[in-house]
Amino acid sequence: MATPFTKVLIVEDNDGDAMLVRKMLEGAEGQHFEVTRAENLSEATKLIGVKTFDAILLDLSLPDSHGIKTIETLYALVPKIPIIVMTGLSDETVGLNAVQKGAQDYLVKGKADASRLINSIRFSIERHRSLLEKETTVTKQKAKVITLTSYKGGTGVSSIAVNLAYTLAHVVKKKVLLIDGAGFANHISILLNLTPKCNLADICKQGEQIDHQFLSSAPTKLGDNLSVICGLLKTSDFYDINPALVKNFFEMVSYEYDYILIDTKAGLLDELNMLAIQQADLLFVVSTTELLSMRDTKFFIGTLQEFGLAEDKIKLIINREDLDVGILDTKMAQKKIDAQTYFALPNDWQLSVKASNYGKSVVEVDPKSKLSIAYKNFASKIADSNLVSFKQESGKTEVKQEKKKGMFPWG
Ligand SMILES: Nc1ncnc2c1ncn2[C@@H]1O[C@H](COP(=O)(O)OP(=O)(O)O)[C@@H](O)[C@H]1O
Ligand SMILES: [Mg+2]
């Protein structure tokens, strides 16, 4: 296999010096260099804009920039490309100074032979790469995975997944990936009026090495902050799901988002559900205040604990809180289920169904409603953001109904 070219940009106004360096690099044995020369800083800046380089050899005394300022300017412009400074014999201290300002190394002209030059380029590229990797891990935070689930169906898991994802993305301004992990129902794309583009089966078909371009373009985008992986569509999708590859996908995208929300189908004994539960930093178990739901939730939480799931990850969410349903209000529900409530969402069937039929979040359809305010406070609580707590104002906002254009193009 041919050795790839190392692309080097020489920024040097002196023809003789530039020629010497070019000869040393192009004559190197076993290494291939592709050399480009700029005569001054402004020419270098233009070239950097149109070509990619692995390293830059920089003379500090140029017609349009002089001394330490030259490295400062270039480093600010291209912090991702290693820069090696070339100095004259008399200014070695300038070389050291340049290293403090971001250069990877310095070479004294006339003193550096071909092997010193080539080694300096190789080590600078490696050192710079590992430095960038370390910086990325330190500064980038891993996404928090929130899995939403329930034992009994119809408690509002998908509705909460959609509305929470929407509010976290568009109100709290976090980067959110919403994954429909509920099989074939495709409720997420219907609730958000999206045309399904990519699902977990498509991702598994990519294998272990998923192309970066694919990872960023595959999800369906809803504004700048919300990306969606839709549900399964074809019978064969079911057989393409491989939990190990789904897990690998979670790992690969975990630095791209602040939150990954996973909607699951009701129940437990499903490979994908189990994976989504295992991966969760927060597991939202949704219950209504109906006796059947509370019974199931109590059983479910108990079983999850038996499975060894850390107690502090399990968060009880009460949906459709309604103090007008006999004795079974939230406090009573908490007692029945034997768990602390993390958040309770009010009952608003009309708005929920309206939002679902519009293919919009409740926050868009009626931002002033009690349910929307609750979603905003719920999202703020999760993000631990300092947003002032949202209070209900009077009045309703009417949104004109738009035609569905997603899965079911109702005419
Ligand atoms: N806070 C709420 N108040 C009233 N109805 C709700 C609320 N949340 C969800 N719903 C309704 O409950 C039903 C079931 O919701 P869904 O999200 O499909 O539940 P699941 O995913 O748990 O099966 C839907 O008709 C939905 O509109
Ligand atoms: Mg659902």
Side-chain angles (χ1 to χ4, degrees), residues 146-167 178-194 196 199-200 228-233 261-268 270 272-273 276-277 283-290 292-297 300-301 315-325 328-330 333 337 341-379 390 392 396 401 404 406-408:
I146 301 177
T147 300
L148 297 103
T149 186
S150 76
Y151 191 74
K152 184 183 176 297
T155 57
V157 173
S158 302
S159 306
I160 297 175
V162 158
N163 287 299
L164 203 52
Y166 185 91
T167 317
L178 172 62
I179 301 176
D180 189 334
F184 291 96
N186 253 297
H187 286 178
I188 298 289
S189 32
I190 298 171
L191 289 171
L192 285 171
N193 196 16
L194 301 172
N199 61 33
L200 289 175
V228 183
I229 301 285
C230 297
L232 306 185
L233 288 170
L261 267 62
I262 313 172
D263 177 32
T264 62
K265 56 173 168 267
L268 191 58
D270 172 289
L272 202 54
N273 271 18
I277 288 169
L283 181 70
F284 286 172
V285 179
V286 181
S287 179
T288 65
T289 53
E290 186 195 359
L292 297 178
S293 176
M294 289 189 296
R295 181 266 161 208
D296 283 1
T297 306
F300 191 34
I301 291 179
K315 305 286 177 200
L316 172 65
I317 309 298
I318 299 288
N319 191 26
R320 312 192 62 165
E321 183 188 44
D322 191 337
L323 303 184
D324 209 16
V325 287
L328 301 178
D329 61 11
T330 299
I337 299 168
T341 308
Y342 179 81
F343 207 87
L345 290 155
N347 184 39
D348 190 339
W349 183 80
Q350 210 178 20
L351 176 57
S352 300
V353 176
K354 195 168 166 186
S356 140
N357 288 348
Y358 286 4
K360 286 180 185 289
S361 77
V362 298
V363 176
E364 282 174 288
V365 174
D366 188 356
K368 289 177 182 164
S369 65
K370 206 172 158 196
L371 184 56
S372 298
I373 305 287
Y375 270 118
K376 290 181 201 173
N377 284 323
F378 191 3
F390 294 92
Q392 204 187 353
K396 280 200 166 196
Q401 179 156 10
K404 274 262 187 189
M407 282 202 73
F408 301 109

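In each ligand, atom 1 is the first atom listed, and ligand 1 is the first ligand listed. Bear in mind that the values here come from a model prediction, so they are computed numbers and not experimental data. Computed over heavy atoms, backbone and side chain alike; hydrogens, waters and symmetry mates excluded.
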Please state whether the separation between the Mg ion (ligand 2) and some N/O/S atom of Ser158 is under 2.8 Å?
yes
Below 4.0 angstrom from a heavy atom of Val157, which ligand 1 atoms are there? Numbered from 1 as shown, please.
17 (O), 19 (O), 20 (P), 21 (O), 22 (O)
Indicate whether atom 7 (C) of ligand 1 is within a distance of less than 4.0 angstrom of some protein heavy atom.
yes
Ligand 1 to Asn347, heavy atom cutoff 4.0 Å, flagged ligand atoms 3 (N), 4 (C)
Starting at CD of Glu290, measure out to CG of Asn319 and round the result to the nearest 0.5 Å.
12.0 Å
Going by the angle between their ring planes, with limits at 30° and 60°, are Phe378 and Phe343 parallel, tilted or perpendicular?
parallel
Would you confirm whether any non-hydrogen atom of the protein falls under 4.0 Å from atom 25 (O) of ligand 1?
no
Can you list the ligand 1 atoms lying under 4.0 Å from a non-hydrogen atom of Asp348?
2 (C), 3 (N), 4 (C)
Less than 4.5 Å apart, side chain to side chain, heavy atoms only: is that true for Ser352 and Leu371?
yes
Which distance, rounded to the nearest 0.5 Å, do you find between the CD1 of Ile146 and the CG of Leu164?
6.0 Å
Testing Asp263, Asn186, Thr264 one by one against Ser158 for a side chain to side chain donor-acceptor pair (under 3.5 Å), which residue passes?
Asp263
Taking 4.0 Å as the limit for heavy-atom contacts, which would you say applies to Asn319 with ligand 1: side chain only, backbone only, both, or neither?
side chain
Honestly, for Thr155 the part within reach of ligand 1 (heavy atoms, under 4.0 Å) is both
Give the residue and atom name of whichever protein heavy atom lies nearest to atom 18 (O) of ligand 1, and the separation in Å to one decimal.
His187 ND1, 4.3 Å
If you measure every N or O of Ser150 against every N or O of ligand 1, does any of those distances drop under 3.5 Å?
no
shortest atom 19 (O) of ligand 1-to-protein heavy-atom contact is with Gly156 N, 3.0 Å
Salt bridge present between Lys265 and Asp270 (N-O < 4.0 angstrom):
yes
Only one of Thr289, Asn347, Thr288, Thr155 passes side chain to side chain donor-acceptor pair (under 3.5 Å) with Arg320; say which it is.
Asn347
Report the distance from atom CG of Asn163 to atom CD of Glu364, rounding to the nearest 0.5 Å.
9.0 Å
Working to the nearest 0.5 angstrom, can you tell me the gap between Leu345 CG and Tyr375 OH?
5.0 Å
Output the list of atoms in ligand 1 that are nearer than 4.0 Å to some heavy atom of Ser159, sorted by atom number.
9 (C), 15 (O), 16 (P), 17 (O), 26 (C)
If I compare all heavy atoms of Pro367 with all of Ser372, which pair ends up nearest, and what's the gap?
O-CB, 3.4 Å
Touching ligand 1 at all, Leu345? Heavy atoms, strictly under 4.0 Å?
no
min-distance protein heavy atom vs atom 12 (O) of ligand 1 -> Arg320 NH1, 3.8 Å
Those atoms of ligand 1 less than 4.0 Å from some heavy atom in Trp349:
3 (N), 4 (C), 5 (N)
Heavy-atom proximity to atom 1 (N) of ligand 1, picking from Ala182, Pro346, Gly154, Ala161, points to Pro346
In this structure, atom 27 (O) of ligand 1 is nearest to the protein heavy atom Ser352 CB, 3.5 Å
Testing Asp180, Val228, Leu178 for side-chain contact (heavy atoms from CB on, under 4.5 Å) with Val162, which one passes?
Leu178
